[in-house]
**Q** 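Below: one structure in structure tokens.
Both backbone and side-chain heavy atoms feed into the values below; hydrogens, waters and symmetry mates do not. By convention in this document, chain letters (A, B, ...) are assigned in the order of the sequence lines, proteins followed by strands, and residues within each chain are numbered from 1.
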Amino acid sequence: MIVTVASGKGGTGKTTVTASLATIWQSKLLTVDLDVEEPNLHLFLHPEIETTSTAEMEIPVLDLSKCSLCGKCAELCQFKAITMMGKFLMTFPDMCHGCGGCLAICPDGALSPGRRELGEIIRGRAGKADFIMGRIRIGEAMTPPLMNIIKDEVAATIRENPMDVLIDAPPGVSCPAVTSVIDSDVIVLVTDSTPFGFHDFVLAWEAFSPFGKPMGVVINRAGLGASEIYRFCADKSLPVLAEIPYDRAIAEAYSKGQVITTVSENLRELFVTLKQQIENLAAGAGQEADHA
Amino acid sequence: MREILIISGKGGTGKTSLTAAFAHLAKNKVLCDLDVDAPDLHLLLAPEHESEVEFWAGNEARIDQDTCQQCGLCREMCRYGAVIEHDDGHFSVDSLRCEGCKVCVSFCPDEAIEFPEKHCGQWYISSTRFGAMVHARLFPGEENSGRLVALLKQEAKKLAEERHLDLILSDGAPGIGCPVISSLSGTDLAVLVTEPTPSGRHDLERVASLCDHFKVATAVIINKFDLNSEQTASIEGFCREKNYPVVGKLPHDKVITEAMVQRLAVTELAETGLSLEIEKTWQKIMQLVP
Amino acid sequence: MDTEIKKIAVSSDGPTLDDKVDSRFGRAGGFVVVDVATMTGEYIDNGASQVMAQGAGIQAAELVAGAGADVLLSGYVGPKAFQALNAVGIIVGQDCDDFTVREAVERFLAGKVPAADGPNREGHS
């Protein structure tokens with residue numbers, strides 16, 4: 001089972017929920033931090049780092065001596081990573097999206113595959129669980145390529161050694177968030193009940209519901225703000241899987257880098273129940289698929 | 001003309017609530033919501049749209065089933081896994097995975113793949129009780145927000161010139177990726193809102209080094225500073241070391257949420273310790289961009 | 001200067017020599033290409049670069065090179081555009097955004113706009 005914890009906006013408690021779930025998960029688990037712009041899960045899970053590797057993507061390298069200046073590559077490139085400036089052909093590796101089109105179209109063999117650093121991938125163990133995170137290089141504008149490399153590693157890991165996967169997704173509803181939920185079995189949307197939280201939650205629901213994946217909601221800081229979220233969930237038949245009460249003790253534990261399941265036995269119980277709810281959600285979807 | 005950008009690295013630090021309060025306090029300005037992925041400023045400012053424009057950007061591949069000979073070359077060449085082969089043998093493009101690279105379009109031997117532009121969202125010029133506002137909405141899952149950010153900044157600047165306003169106050173996107181990089185360009189001062197938590201500190205360092213990378217001056221606000229005095233002290237130490245002025249230390253106060261529920265800036269409510277601190281903070285910010 | 005300056009391209013808010021210099025290069029509205037001998041201008045639209053998701057600066061550099069300009073005057077020129085213009089020997093003058101197109105050209109010809117040796121804006125358009 002691949003579970004992605006996502007939220008329409010940052011600061012709703014997405015990482016808190018992921019970290020808490022990771023600590024109470026009994027079966028074999030791989031926790032993944034896909035929020036490569038601002039990875040934070042490690043600050044709570046304190047994984048023992050085993051390996052750190054550099055992630056790269058393919059970019060074209062030009063051999064001017066072979067280039068006949070036909071311009072086909074520049075014409076094809078949609079990202080201005082290769083351009084014809086008068087009688088010069090120039091490459092801009094930062095702009096490349098790695099589509100491979102230029103390498104395929106060059107009739108002269110003047111372009112060969114090179115590498116651009118995207119960031120780093122860090123692997124280790126957090127408690128009983130395996131841990132993997134990505135961290136984008138400062139100044140690198142594109143996150144999906146790094147996220148996709150991590151996702152490929154995750155897929156390879158569970159092919160070899162089947163286990164549950166728990167993903168901390170980047171916040172928001174744009175391309176990176178979509179990249180992280182697109183291949184999961186269950187989506188857990190974390191929101192708070194403030195007007196901002198609710199507004200961004202609706203955006204997230206609109207973005208993710210077309211995937212037809214089972215989705216459930218965790219309401220953080222319940223009791224702060226308005227009740228419109230409950231009406232919305234009831235309307236859309238979105239199950240509310242858990243409600244985390246507003247409590248300054250939780251905010252303070254978080255500020256010390258503690259996983260909130262350590263705050264009280266009640267909170268621990270809450271996450272054990274949440275995990276059960278997530279499993280039910282996944283199983284329910286499986287049954288529906290069998291009926292269909 | 002000065003451009004002040006409020007950003008945070010991490011979400012949920014109170015960036016938008018503070019932007020709204022600054023919008024209330026600032027004079028002669030255009031407001032701009034550059035957090036186009038999840039804009040929230042409008043919830044507090046209730047903008048009335050004066051004009052609305054469609055935002056078109058990028059292209060996506062679309063296979064014409066009548067022309068397609070089902071050779072499968074497009075699926076082989078697509079590096080994004082965006083071409084799907086269906087059980088009955090026909091192929092289609094998953095627009096959510098399509099990168100818009102045009103490789104399939106160029107290599108299709110039957111010229112069966114079209115490459116239309118995409119309508120990605122809407123942008124608006126609006127009026128609010130605090131003045132003019134430029135903002136947008138991307139359709140869910142759409143990208144190209146870096147370009148939309150550039151467009152909004154350009155429109156805000158145009159509007160400021162037309163109306164003889166000398167300040168652009170922008171709410172920026174979270175993170176350190178494309179939209180943030182885009183929003184930094186041409187900014188006179190980036191105000192980084194952080195909180196005394198491990199994530200807040202970590203993300204502050206990342207977004208601050210991004211500002212340094214792009215040579216944008218920065219100032220720091222520590223929001224909810226009283227949640228954890230140790231972390232606050234450590235953030236202050238970091239700022240001293242890096243020469244980032246700390247322009248405000250704001251207490252954790254539920255009045256922020258109350259203001260949000262009432263759809264008001266926190267400075268519009270009855271005076272509190274927090275609102276006084278916010279006023280002082282704004283004065284310090286203005287001193288940094290004379 | 002090694003070569004004679006015949007044409008100067010200026011990023012511009014409008015089509016004439018009396019329009020204001022557009023501070024942006026890649027996402028400028030257009031360019032007035034000024035024939036130095038006659039002080040007349042020809043306008044080229046930069047709309048195609050403005051709508052690009054990325055690479056507007058590079059596209060605009062292609063446009064300016066294609067127009068046969070020897071010099072480019074603008075407000076801010078990013079590193080990639082600068083590199084591209086530099087590669088084809090186009091002189092870049094920056095910080096001209098307080099002037100009209102005509103004033104910018106006159107200032108350049110009077111030696112008041114130094115040829116830039118690097119971009120004055122960090123990347124990402």
Side-chain angles (χ1 to χ4, degrees), chain A residues 7-13 15 35 37-40 43-44 58 76-79 97-101 104-105 136 138-144 148 170-178 182 192 194-196 199-200 203-204 206-208 210-211 221 224-226 248 251-252 254-257, chain B residues 8-14 16-17 36-38 40 43-44 58-59 77-80 96-97 99-103 106-107 138 140-143 145-146 173-179 181 195-200 202-203 206-207 209-210 213-214 224 227-228 230-231 252 254 257 260-261 263:
Chain A
S7 72
K9 89 189 253 291
T12 57
T15 301
D35 187 0
E37 283 184 53
E38 308 284 12
N40 286 142
L43 299 173
F44 297 90
E58 184 184 288
L76 173 59
C77 181
Q78 296 297 297
F79 311 109
H97 285 219
C99 72
I105 210 166
I136 200 89
I138 301 267
E140 168 67 55
M142 276 175 266
T143 58
N148 284 324
V173 296
S174 66
C175 192
V178 168
I182 202 164
D192 58 34
T194 64
F196 288 179
H199 175 260
D200 295 343
L203 294 183
E206 286 174 4
F208 301 152
F211 299 124
R221 297 178 204 114
L224 265 192
R248 192 170 164 122
E252 285 180 8
Y254 173 81
S255 82
K256 291 178 192 147
Chain B
S8 67
K10 176 182 184 301
T13 57
T16 301
S17 289
V36 284
D37 291 331
D40 281 332
L43 296 174
L44 298 183
N59 301 72
M77 294 202 72
C78 178
R79 298 244 177 131
Y80 307 100
L96 288 161
R97 292 182 200 257
E99 186 81 4
C101 71
K102 210 181 174 178
V103 166
S106 311
F107 283 89
L138 276 176
E142 287 300 345
E143 45 184 327
S145 45
I176 61 163
C178 178
I181 294 174
E195 57 181 28
T197 64
S199 323
H202 178 257
D203 296 351
R206 294 200 21 106
V207 78
S209 58
L210 186 77
H213 184 94
F214 289 102
K224 312 174 204 169
L227 263 188
N228 185 326
E230 235 170 85
Q231 278 284 357
H252 182 51
K254 276 168 104 170
T257 313
M260 212 191 279
V261 171
R263 315 270 159 155

**Q** Who wins among A:Ile182, A:Val173, A:Asn148 for the most heavy-atom pairs under 4.5 Å with chain B?
**A**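 Maximum pair count with chain B is reached by A:Ile182.
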**Q** Which atoms of A:Phe44 come close to chain B, meaning under 4.5 Å heavy atom to heavy atom: side chain ones, backbone ones, both, or neither?
**A** side chain
**Q** Please classify the contact between A:Phe79 and chain B as side chain, backbone, both or neither, with a heavy-atom cut-off of under 4.5 Å.
**A**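 The side chain, not the backbone.
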**Q** Side chain, backbone, both or neither: which part of B:Ser8 has an atom under 4.5 Å from a heavy atom of chain A?
**A** neither
**Q** Can you check whether A:Pro39 reaches B:His202 side chain to side chain, under 4.5 Å on heavy atoms?
**A** yes
**Q** Give the minimum heavy-atom separation between B:Pro198 and A:Ser255, together with the two atoms involved.
**A**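 Distance-wise, the nearest heavy atoms are CD-O, 3.2 Å.
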**Q** Could you tell me whether a side-chain N or O of B:Arg206 sits under 3.5 Å from a main-chain N or O of A:Glu37, the two making a donor and an acceptor?
**A**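 The answer is yes, because a donor-acceptor pair under 3.5 Å joins these two groups.
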**Q** If you round to the nearest 0.5 Å, how far is CZ of A:Arg248 from NZ of B:Lys254?
**A** 10.5 Å
**Q** Heavy-atom pairs under 4.5 Å with chain B - which of A:Ile136, A:Asp35, A:Val178, A:Thr12 has more of them than the others?
**A**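 Between A:Ile136, A:Asp35, A:Val178, A:Thr12, the count favours A:Ile136.
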**Q** What part of A:Ala204 gets closer than 4.5 Å to chain B, counting heavy atoms only: side chain, backbone, both or neither?
**A**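 It is neither, since no heavy atom gets under 4.5 Å.
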**Q** Measuring heavy-atom distances to chain A, does B:Glu195 have an atom under 4.5 Å in its side chain, in its backbone, in both, or in neither?
**A**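 Contact with chain A: side chain only.
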**Q** Can you see which heavy atom on A:His97 is nearest to which on B:Tyr80, and at what distance?
**A**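 A:His97 and B:Tyr80 have their closest heavy atoms at O-OH, 2.6 Å.
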**Q** What is the minimum heavy-atom distance between B:Ala38 and A:Gly8, and which atoms define it?
**A**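 In terms of heavy atoms, the two residues are closest at CB-O, 3.8 Å.
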**Q** Hey, could you give me the NZ/CD distance between A:Lys256 and B:Glu230, rounded to the nearest 0.5 Å?
**A**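 If we round to the nearest 0.5 Å, A:Lys256:NZ and B:Glu230:CD are 8.5 Å apart.
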**Q** Supply the atom-to-atom distance B:Leu43 CG to A:Thr194 OG1, rounded to the nearest 0.5 angstrom.
**A** 9.0 Å
**Q** Could you go through the side-chain contact (heavy atoms from CB on, under 4.5 Å) check for B:Thr257 and A:Arg221 one step at a time?
**A** CA-CA 11 Å; B:Thr257 313; A:Arg221 297 178 204 114; over 6 Å; no
**Q** If every non-hydrogen atom of A:Phe211 is compared with every non-hydrogen atom of B:Leu96, which pair is closest and at what distance?
**A** CE2-CD1, 3.1 Å
**Q** Within this structure, what is the NZ-CD1 distance for the pair B:Lys102 and A:Ile105, rounded to the nearest 0.5 Å?
**A** 9.5 Å
**Q** Within the 4.5 Å heavy-atom criterion, are B:Leu227 and A:Glu252 side-chain neighbours or not?
**A**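 Result yes, sub-4.5 Å side-chain heavy-atom pair found.
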**Q** Between A:His199, A:Lys9, A:Glu206, which residue shows the highest count of heavy-atom pairs closer than 4.5 Å to chain B?
**A** A:His199
**Q** Of all of B:His252, B:Arg97, B:Gln231, which one pairs up most often with chain A through heavy atoms under 4.5 Å apart?
**A** B:Arg97
**Q** Among A:Gly13, A:Pro171, A:Gly172, A:Gly100, which residue forms the greatest number of heavy-atom pairs with chain B at distances under 4.5 Å?
**A**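 Max contact count across the listed options: A:Gly100.
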**Q** For chain B, which of A:Pro170, A:Pro144, A:Gly98 has the most heavy-atom pairs under 4.5 Å?
**A** A:Gly98
**Q** Which pair of non-hydrogen atoms, one from B:Val103 and one from A:Gly101, has the smallest distance, and what is that distance?
**A** CG2-CA, 3.4 Å
**Q** What option among A:Ala104, A:Cys77, A:Ala251 has the most heavy-atom pairs under 4.5 Å with chain B?
**A**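 Top count of heavy-atom pairs under 4.5 Å with chain B: A:Ala104.
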**Q** Would you say the side chain of A:Pro195 lies within less than 4.5 Å of the side chain of B:Arg263, judging by non-hydrogen atoms?
**A** yes
